Amino acid sequence: MTGTMIAALAAAMLTAVPAAAQEGSSLDARVNEIFADVTGPFVSFIFAPLYGTDFPWIVMWLVIAATVFTLYFGFVQFRYFGHSIRLVKGDFSDPDDAGEVSHFQALATALSGTVGLGNIAGVAVAVGIGGPGATFWMILAGLLGMASKFTECTLGVKYRNEYEDGTVSGGPMYYLSKGFRELGLPGGGFLAVLFSIFCILGALGGGNMFQANQAHAQISGIVGDYPGWITGLVFASVVFLVIVGGIKSIARVTEKIVPFMGILYVGAALIILIVEYDKIGWAFGQIFAGAFSGLGVAGGLVGALIQGFKRAAFSNEAGVGSAAIAHSAVRTKEPITEGFVSLLEPLIDTVVICTMTALVITISGQLIMDPQTGRFVLDEAGAAIATIDGNTGVALTSAAFAEGISWFPYVLAVAVVLFAFSTMISWSYYGLKAWTYLFGEGKTKELVFKLIFCAFVVVGAAANLGPVIDFSDAAIFAMAVVNIFGLYFLMKVVRAELRSYGRRLRSGEIVAYTD
């Protein structure tokens, strides 16, 4: 990715924004044409499969890193799980510590950036292709990913910038540059700039335009077709009102929306599971049997494994580095504490919410099974499991929930809108911090990015920007390439922090304020 290419892409998008409302179709065609040719090779590279397999190398990159961190830190996600819960509750919080938000607010903000359409539509795609067995590998990857979150978010707090007005800036761009310099390693500044560029592109695309586009599709599916720019303007206005107040304003919103989203969605799933309680044992049997046998699904055992790992990686973003930006704003003097808090993210996002979705789909009977053989029936193309009415993605999830709750499609529409909104405000902060790292701190510079971000909300809702979304997704996972490369060099810093904190916690030097 050269500076000229980045400039050309940015110029193309900014030129297209003013005409979004009036020229939706022409904007679509123009942007698609520009982006498809320019970004195609980059997108193909990021999502290319390993030689001789269908396994994307970027997913393997994330899973291997998560496994390394899990072993290196001695299964920290399990040893300190109870302590993580106490930290989120605020038992160890000192209001006089530097930072802008509480442990719970930081967790909610980061979760709002990961919990979203991937939990609804992505899981349906994974189970539809890999069968229920994909759920097992999804859970495993989620548990391993907890260690990746722990590593990056600890570093995010340790190397953050703290300013006189009480604000902070942190994330991979800061620990790559400052951490490498502290260890006497070259290249940290270059990696930080590269990460920031990818983060801005990912924020404007996958964290913004895609969310607005899918929210409009869900709303218009309920109320009828209408121009997308109307949805875009409404979303842009509300998003701006939230993000103009900075991370404190974002955190105040996400700490309310995220629990509500979780209760709404998981509550609906629990209702169905309670009603169909007699099928839960069978569903888990399908998950475990499918994980190791494939049960005749597309790709067999390997297909189930690939889909499970892929969905977990794409859903919880462990190793991408985005969450470290939100967690860096926490009020604490102990960097490791936010590492403990952050490891709860993949547990909530992947192990709980994604698994709930997979269980409901499995129990619903939407996946067609041969009653004589007990194996799933493949579709005509042989690439996925046949479903009733041919539903896939979000439509499959909606149909599965509707089997138990007839009015669930309306609940799903509300969930999609809330997921999209919360993802946008979180990614606005990620993009903003990458922007200010590149161009400097300051109210005016921040306002410029926030206005650009909101303009892209309108573009995303008004146009079908396939290649743009593909590129932004690739940019998000390119963040992981840069971030994890740096984490391998910096993980010894995290281990020193862990040993120091653990020793002081055991000796009683660190005590809870509530004790």
Side-chain angles (χ1 to χ4, degrees), residues 1 41-73 75 77 114 118 122-123 125-131 133-152 172 176 191 194-195 198-199 202 206 290-292 294 297-324 343 345-347 349-351 354 358 383 470-491:
M1 293 292 292
F42 173 69
V43 174
S44 297
F45 167 71
I46 291 296
F47 295 116
L50 292 169
Y51 181 76
T53 73
D54 294 324
F55 207 123
W57 73 270
I58 189 65
V59 173
M60 183 61 74
W61 175 255
L62 290 164
V63 171
I64 289 176
T67 305
V68 169
F69 299 140
T70 293
L71 297 174
Y72 187 76
F73 296 114
F75 296 89
Q77 60 266 59
T114 57
V123 173
V125 172
V127 174
I129 297 175
T135 310
F136 175 88
W137 301 109
M138 182 173 64
I139 292 172
L140 177 61
L143 293 173
L144 293 173
M146 294 167 72
S148 296
K149 289 277 187 175
F150 164 79
T151 308
E152 60 194 9
L176 288 170
L191 292 174
L194 195 60
F195 178 90
F198 288 138
C199 185
F292 299 101
V297 300
L301 166 61
V302 175
L305 184 148
I306 290 174
Q307 291 302 320
F309 278 174
K310 183 189 293 186
R311 175 42 39 208
F314 286 12
S315 179
N316 61 49
E317 297 173 12
V320 170
S322 53
L343 61 79
E345 275 183 60
L347 179 74
D349 175 275
T350 306
V351 179
C354 287
D470 290 343
F471 175 75
S472 65
D473 284 347
I476 289 174
F477 286 97
M479 291 164 58
V481 177
V482 178
N483 182 52
I484 289 175
F485 179 79
L487 292 181
Y488 284 134
F489 290 96
L490 297 171
M491 62 185 186

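Hydrogens, waters and symmetry mates play no part in the numbers below; they use all other heavy atoms, side chains included. Values in this document were obtained by computation on a predicted structure and should not be read as measured data.
Across every non-hydrogen atom of A134 and A126, the tightest pair is CB-O, 3.9 Å. Closest heavy-atom contact between A65 and Y488: CA-OH, 3.3 Å. Residue Q77 comes nearest to T70 through the heavy atom pair NE2-OG1, 3.1 Å, listed as atom of the first residue, atom of the second, then distance. Here the closest heavy-atom approach between residue V123 and residue A358 is recorded as CG1-N, 3.8 Å. Residues I476 and V320 come closest through the heavy atom pair O-CG1, 3.5 Å. Of all heavy-atom pairs spanning F198 and A475, the tightest one is CB-O, 3.5 Å.
For the pair W61/I58, a side-chain contact is recorded, criterion being any heavy-atom separation below 4.5 Å from C-beta on. Counting only heavy atoms from C-beta outward, the side chains of P172 and M479 never approach each other to under 4.5 Å. The shortest distance between side-chain heavy atoms of V481 and F485 does not fall below 4.5 Å.
Rounded to the nearest 0.5 Å, atoms CG (N483) and CG (L490) are 9.5 Å apart. Atoms CG and OG1, from L140 and T350 in turn, are 11.5 Å apart once rounded to the nearest 0.5 Å. Separation of atoms SG (C354) and CE (M138) is listed at 5.0 Å; rounding is to 0.5 Å. L62 CG to F309 CZ: the interatomic distance, rounded to the nearest 0.5 Å, is 11.5 Å. Taken to the nearest 0.5 Å, the CE atom of M60 stands 9.0 Å off from the OG1 atom of T67. To the nearest 0.5 Å, the span separating NZ on K149 from CG on L347 amounts to 12.5 Å.
Listed for the E152 side chain is no donor-acceptor partner under 3.5 Å among the backbone atoms of L487.
Annotation: W57 is not in aromatic contact with F477 [ring centroid separation under 6.0 Å not met].
The only member of F69, F73, F75 that meets ring pair (Phe, Tyr, Trp, His ring centres under 6.0 Å) when paired with F150 is F73.
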